[in-house]
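Encoded as structure tokens, the structure appears first; notes follow it.
From a predicted model like this one, the values you see are computed outputs, not experimental measurements. The chains referred to below are lettered A, B, ... by the order of the sequence lines, with proteins before strands, and numbering in each begins at 1.
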There are 2 protein chains.
Amino acid sequence: MATGRTHRPATRSRGIPEATVARLPLYLRALTALSERSVPTVSSEELAAAAGVNSAKLRKDFSYLGSYGTRGVGYDVEYLVYQISRELGLTQDWPVVIVGIGNLGAALANYGGFASRGFRVAALIDADPAMAGKPVAGMPVQHTDELEKIIEDNGVSIGVIATPAGAAQQVSERLIAAGVTSILNFAPTVLSVPEGVDVRKVDLSIELQILAFHEQRKAGEGAAAAAAAEASSVGGAAPAAAVVPPAGRAAAVARKGNPEGDVPAVMPA
Amino acid sequence: MATGRTHRPATRSRGIPEATVARLPLYLRALTALSERSVPTVSSEELAAAAGVNSAKLRKDFSYLGSYGTRGVGYDVEYLVYQISRELGLTQDWPVVIVGIGNLGAALANYGGFASRGFRVAALIDADPAMAGKPVAGMPVQHTDELEKIIEDNGVSIGVIATPAGAAQQVSERLIAAGVTSILNFAPTVLSVPEGVDVRKVDLSIELQILAFHEQRKAGEGAAAAAAAEASSVGGAAPAAAVVPPAGRAAAVARKGNPEGDVPAVMPA
DNA sequence: CAATCTTTGTGCACGCGTTCACAAAGGCAT
DNA sequence: ATGCCTTTGTGAACGCGTGCACAAAGATTG
């Protein structure tokens, strides 16, 4: 997965642990699938398997919601779907705006599942005047100048930022000033926002780098491990540390141009 | 951020805590920016601010790498960039394949930052025969039949799945069988993979749902809190629990069709 | 109606991650 | 050369999250 929440640990939301909240959508998805197959009840064991988690963890998670299971039987699928949906606030309508209609923004706009769970794309906004009026996903792109008006008129509280990194902070400030209090940020930047505003980040680059780290480890254990691996197992970083010249730096790394700092996680224009 | 890692807690990679690994790309980005501005050194305080974390946490993170800071001065930017890059395995070339060239897959293929940090798109793969040969991001899309050959010929170990949810599991199995050991999954499904394979998931829908949860809480605290909030503060779930009829279920929630279970986080086709 | 069997709900312990706070280290000025 | 001032590196405490393991609860069967 992507990176975790930024800023504002949100301590503990009304008694429901953050970790549990993050899993509820997972359970909901699995439950919805069961519901469509008209399965009446599920045991924690089955559902946990479907969601890819530990059954004890799942039971504990549900216990925070008030646990409506029946011992010896399991959980009522329909009822749980309702409970979780309500807890997540999915029983109401959430208008969202997408700012930055580049490659990624357009892809997001076309995302079908967007509308399904209570989320509705209220507007597509882009700073490029040439984009204004162009239909994307059956909806005309509007110019950034309209941002404030759109937010207020539609009562938007959730904004999606898919702009280049350079514009993200400013866009977030405008969104927040206009009333947005939750932001999903696809731009590769750390947004600094005031207290009370939630930001979640999705960053392809970071995900790949984390995978690369583990990938390198796997490879290192196999063959290359013997390369320079003098058993200096200080439990520390890596064996190569002793090989690297304390001054032989960035040559192989410091890449020219903008490494990726100026475009959102996904973006061409 | 998106959702966290799936399966395989990867215990603790060679002494570097997983949480630290997840932050290294963040530091690297901030350091790269400093490097481009030719800033020679940074203090943990400054860098931490740029990366949006606590300075003590940053220092501890760096201490796992072997800490190359100078007391009273700070860290050498260039050197740190190199160290982190090496630690993340970014000094080598990582060929990746993107499977599922729909809206999202295409957007990912066009992602500029992809190539910059050592990641190189080796191939674009799609199951639709009509897509075969079509150029996307200046590269011809290849048919799924070629998948195994492509993986092996290019020594690909990282795969990106951007297919509909229904195809994801099968695609992952083929990728893994062909030699892929790290997967970045954009499809809204839980992939079950064998030991040793790393999977990270990016799921727009889940992110939005988590934001909605917090958004609802914020709104609830303000006005609606008084609605049915009899001080039944059991520390449990929510006040509304007492309001919901124990049998009045899914009506408002169980949406028809496929809620979003069949398309990747972003995707039209 | 009683016994049995299944499955929930949770007390408890453990480990990771975060944060504080401070001693050690090193540069720099005098 | 000596002392001051800054900043690192880390010991220790704390809190969250996870998972085990089991008692309580209820359905089901005879």
Side-chain angles (χ1 to χ4, degrees), chain A residues 3-24 26-27 39-49 51-77 79-80 83 234-237, chain B residues 1 3-24 26-27 39-49 51-77 79-80 83 234-237 241:
Chain A
T3 340
R5 59 173 23 261
T6 328
H7 306 303
R8 225 138 325 294
T11 38
R12 170 169 281 204
S13 312
R14 182 74 62 77
I16 299 185
E18 190 59 29
T20 294
V21 173
R23 280 188 294 268
L24 290 182
L26 229 49
Y27 300 146
V39 176
T41 60
V42 252
S43 67
S44 61
E45 202 69 51
E46 296 170 312
L47 187 54
V53 302
N54 181 299
S55 69
K57 191 187 300 187
L58 179 143
R59 287 198 297 275
K60 185 153 292 189
D61 282 342
F62 284 175
S63 78
Y64 291 116
L65 304 183
S67 278
Y68 292 106
T70 306
R71 297 173 190 235
V73 179
Y75 299 90
D76 181 289
V77 173
Y79 187 55
L80 252 189
Q83 286 297 338
V234 268
Chain B
M1 38 227 94
T3 341
R5 59 171 29 259
T6 331
H7 305 304
R8 222 137 328 292
T11 38
R12 170 170 280 204
S13 311
R14 182 76 62 77
I16 299 184
E18 190 59 29
T20 294
V21 172
R23 279 188 295 268
L24 290 182
L26 228 49
Y27 301 145
V39 176
T41 60
V42 253
S43 67
S44 62
E45 202 67 52
E46 296 170 312
L47 187 53
V53 302
N54 182 299
S55 69
K57 191 187 298 186
L58 178 143
R59 286 198 298 277
K60 184 149 287 187
D61 282 343
F62 284 175
S63 78
Y64 291 116
L65 304 184
S67 278
Y68 293 106
T70 307
R71 298 174 190 234
V73 178
Y75 299 89
D76 180 290
V77 174
Y79 187 54
L80 212 42
Q83 286 296 338
V234 267

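Residue Arg71(B) places a side-chain atom within donor-acceptor reach of the base of dT8(D), judged by atom type and a 3.5 Å distance cut-off alone.
At whole-Å resolution of the value, CD in Glu18(A) and C1' in dT18(C) are 16 Å apart. Between the CZ atom of Arg59(B) and the P atom of dT8(D) there is a distance of 6 Å, given to the nearest Å. Remark: C1' of dT10(D) and CZ of Phe62(B) are 16 Å apart, rounded to the nearest angstrom. In this structure, Leu58(A) atom CG and dG17(D) atom C1' are separated by 15 Å, rounded to whole Å. A straight line from OH of Tyr68(A) to P of dT8(C) spans 17 Å, rounded to a whole angstrom. Counting to the nearest Å, the P atom of dT8(D) and the OH atom of Tyr75(B) are 5 Å from each other. One can place CG of Asp61(A) at 12 Å from C1' of dG19(D), the figure rounded to the nearest angstrom. Regarding Ile16(B), its CD1 atom lies at a distance of 15 Å from the C1' atom of dG17(C), rounded to whole Å.
Minimum atom distance to the side chain of Lys57(A) is reached by dG19(D), of the listed dG9(D), dG19(D), dA21(D).
Tested against Tyr27(A) for a side-chain contact (heavy atoms from CB on, under 4.5 Å), the candidates Val53(A), Leu80(A), Thr20(A) yield a single pass: Val53(A).
The 5' end of DNA chain D is approached more closely, in terms of each residue's nearest nucleotide, by Lys60(A) than by the other of Lys60(A) and Gly72(A). Both Thr20(B) and Ser43(A) lie close to DNA chain C; mapped to their nearest nucleotides by heavy-atom distance, the more 5′-ward contact belongs to Ser43(A).
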Should Leu47(A) and Val77(A) be marked as a side-chain contact (heavy atoms from CB on, under 4.5 Å) after you check the CA-CA gap, both sets of side-chain angles, and the distance that decides it?
-> CA-CA 10 Å; Leu47(A) 187 54; Val77(A) 173; over 6 Å; no
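For dT18(C), the OP1/OP2 oxygens have a side-chain nitrogen or oxygen of Arg23(B) closer than 4.0 Å. In this structure, Ser44(A) reaches the dT8(C) phosphate: one of its side-chain N or O atoms is under 4.0 Å from OP1 or OP2. Distances shorter than 4.0 Å separate none of the side-chain N or O atoms of Asn54(A) from OP1 or OP2 on dG17(D).
Of all the heavy atoms in Gly69(A) and Tyr75(A), the pair that sits closest is CA-CD2, 3.4 Å.
Side-chain contact between Asp76(A) and Thr70(A) is absent, with no heavy atoms from C-beta onward closer than 4.5 Å. Between Ser55(A) and Arg59(A) there is a side-chain heavy-atom pair separated by less than 4.5 Å.
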